[in-house]
Amino acid sequence: MRVDDNYHDTVYRMYESSDILYKNQQWFNANYLAGYVLECYCKLMLLLASRQGYAFSNHRRDVRQFKHDVNELKEEIGLISREGGLSAGYCLDLQSACANLLEHWNPAKRYEPDSSKWNEEALAIRIHQEIEALMDMIIKMEIDGGMI
């Protein structure tokens, strides 16, 4: 029997590590870990929806089946939101709130020979703002008692 994944604790770990790296101008790894903040936020939203009875598309049984594909996670959240399965108060418009992460983040890209874009301060600033917005929403959910 598999123990449920703990996306709540993981999102905090990834955020804290990304924030430390960002403050130390380690742009590449700050941006890399920031992608996991987005992934965990999405998976937390999907867990909330599934506990409210939402069935995932494409015959998926749990959030783990989405793997690290933040764009698929974004699409699933969009489907759920349109069907009224997620509170609009907690569900960010990820396309606008996390445009940089959605466009650039893929954990496999860390191995690409030219990954210099990930090491740019300007991109790191934008990505850091995006994960700040995600964490603000997670904290709001906790305060309101809507967290898993």
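In what follows, residues are counted from 1 in the order of the sequence shown.
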S.K.: Measure the NZ-SG distance between K43 and C40 for me, rounded to the nearest 0.5 Å.
M.R.: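 Rounded to the nearest 0.5 Å, the NZ-SG separation comes out at 7.0 Å.
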S.K.: Taking the side chain from E121 and the backbone from W27, do they hold a donor-acceptor pair closer than 3.5 Å?
M.R.: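 Not confirmed, E121 side chain does not pair with W27 backbone.
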S.K.: Compare all side-chain heavy atoms of T10 with those of R13 and state whether any distance is below 4.5 angstrom.
M.R.: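 Heavy-atom side-chain distance check passes, below 4.5 Å.
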S.K.: Taking atom CG of N119 and atom CG of N29, what is their separation to the nearest 0.5 Å?
M.R.: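 Those atoms lie 8.5 Å apart.
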S.K.: Between C91 and I77, is any pair of side-chain heavy atoms under 4.5 Å apart?
M.R.: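 Contact flag for C91/I77 side chains = yes.
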S.K.: How close do K67 and E39 get, counting heavy atoms only, and between which atoms?
M.R.: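 Distance-wise, the nearest heavy atoms are O-OE2, 3.2 Å.
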S.K.: Do I139 and M137 belong together in a cluster built from hydrophobic side chains that touch within less than 4.5 Å?
M.R.: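 Yes, because I139 and M137 connect within a single hydrophobic cluster, where side-chain heavy atoms sit under 4.5 Å apart.
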S.K.: Determine whether I131 and L38 make a side-chain contact, defined as any pair of heavy atoms from C-beta on separated by less than 4.5 Å.
M.R.: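 No. Closest side-chain heavy atoms not under 4.5 Å.
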S.K.: Enter the distance from I80:CD1 to L46:CG here, rounded to the nearest 0.5 Å.
M.R.: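 Rounded to the nearest 0.5 Å, the CD1-CG separation comes out at 4.5 Å.
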S.K.: Does E130 use its side chain to pair, donor to acceptor, with the backbone of N100 at less than 3.5 Å?
M.R.: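 Such a contact is found between E130 side chain and N100 backbone.
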S.K.: Would you name the heavy atoms of A97 and L92 that are closest together and state the gap between them?
M.R.: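 Looks like CB-CB, 4.3 Å.
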S.K.: Just say parallel, tilted or perpendicular for the rings of W105 and Y32, cut-offs at 30° and 60°.
M.R.: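 Rings of W105 and Y32: tilted, as their planes differ by 30° to 60°.
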S.K.: Could you walk me through whether L21 and L33 pass the side-chain contact (heavy atoms from CB on, under 4.5 Å) test, one step at a time?
M.R.: CA-CA 9 Å; L21 291 165; L33 293 179; 3.7 Å; yes
S.K.: Give me the ring orientation class for F28 and W118: parallel if the planes are under 30° apart, tilted from 30 to 60°, perpendicular past 60°.
M.R.: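 F28 vs W118 ring planes: perpendicular.
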S.K.: Are Y54 and L94 connected, step by step, through hydrophobic side chains (Ile, Leu, Val, Met, Phe, Trp, Tyr) whose heavy atoms are closer than 4.5 Å?
M.R.: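 Linked, Y54 and L94 end up in one cluster.
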S.K.: Should M141 and L48 be marked as a side-chain contact (heavy atoms from CB on, under 4.5 Å) after you check the CA-CA gap, both sets of side-chain angles, and the distance that decides it?
M.R.: CA-CA 11 Å; M141 290 168 60; L48 284 173; 3.0 Å; yes
S.K.: Backbone N or O of L102 within a donor-acceptor pair of the N71 side chain at under 3.5 Å?
M.R.: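 Yes, N71 side chain to L102 backbone: donor-acceptor pair under 3.5 Å.
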S.K.: What are the two closest non-hydrogen atoms of Y41 and V11, and how far apart are they?
M.R.: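 In terms of heavy atoms, the two residues are closest at N-CG2, 4.3 Å.
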S.K.: Taking all atoms of both residues into account, what is the closest heavy-atom pair of S18 and A30, and its distance?
M.R.: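 That closest heavy-atom pairing would be OG-O, 2.7 Å.
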S.K.: Ion pair present between K23 and D19, side-chain N to carboxylate O less than 4.0 angstrom?
M.R.: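 Yes, K23 and D19 are salt-bridged.
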S.K.: Answer yes or no: is there a side-chain heavy-atom contact under 4.5 Å between V63 and S50?
M.R.: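 With C-beta onward as the side chain, the pair stays apart.
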S.K.: What's the spacing between I138 CD1 and K140 NZ if we round to 0.5 Å?
M.R.: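 Rounded to the nearest 0.5 Å, the CD1-NZ separation comes out at 13.0 Å.
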S.K.: On a heavy-atom basis, which atom in Y36 and which in P107 lie closest, and how many Å separate them?
M.R.: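 It is OH-CB, 3.5 Å.
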S.K.: Looking at CD of E75 and CG of L79, how far apart are the two atoms once the value is rounded to the nearest 0.5 Å?
M.R.: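 Rounded to the nearest 0.5 Å, the CD-CG separation comes out at 7.0 Å.
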S.K.: I would like to know whether R126 and L123 meet side-chain contact (heavy atoms from CB on, under 4.5 Å); could you show each step before the answer?
M.R.: CA-CA 5 Å; R126 292 190 305 272; L123 180 61; 3.5 Å; yes
S.K.: Hey, what do you get for CE (M135) to OH (Y15), rounding to the nearest 0.5 Å?
M.R.: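 One finds 7.0 Å between CE of M135 and OH of Y15.
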S.K.: Indicate the atoms forming the closest heavy-atom contact of L44 with H8, along with that distance.
M.R.: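 In terms of heavy atoms, the two residues are closest at CD2-N, 3.8 Å.
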S.K.: Taking the side chain from S17 and the backbone from M14, do they hold a donor-acceptor pair closer than 3.5 Å?
M.R.: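 Absent.
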S.K.: Looking at D5 and R64, is there a salt bridge between them, counting it only when a charged N and a carboxylate O are closer than 4.0 Å?
M.R.: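 Counted as a salt bridge, because a side-chain N and a carboxylate O are separated by less than 4.0 Å.
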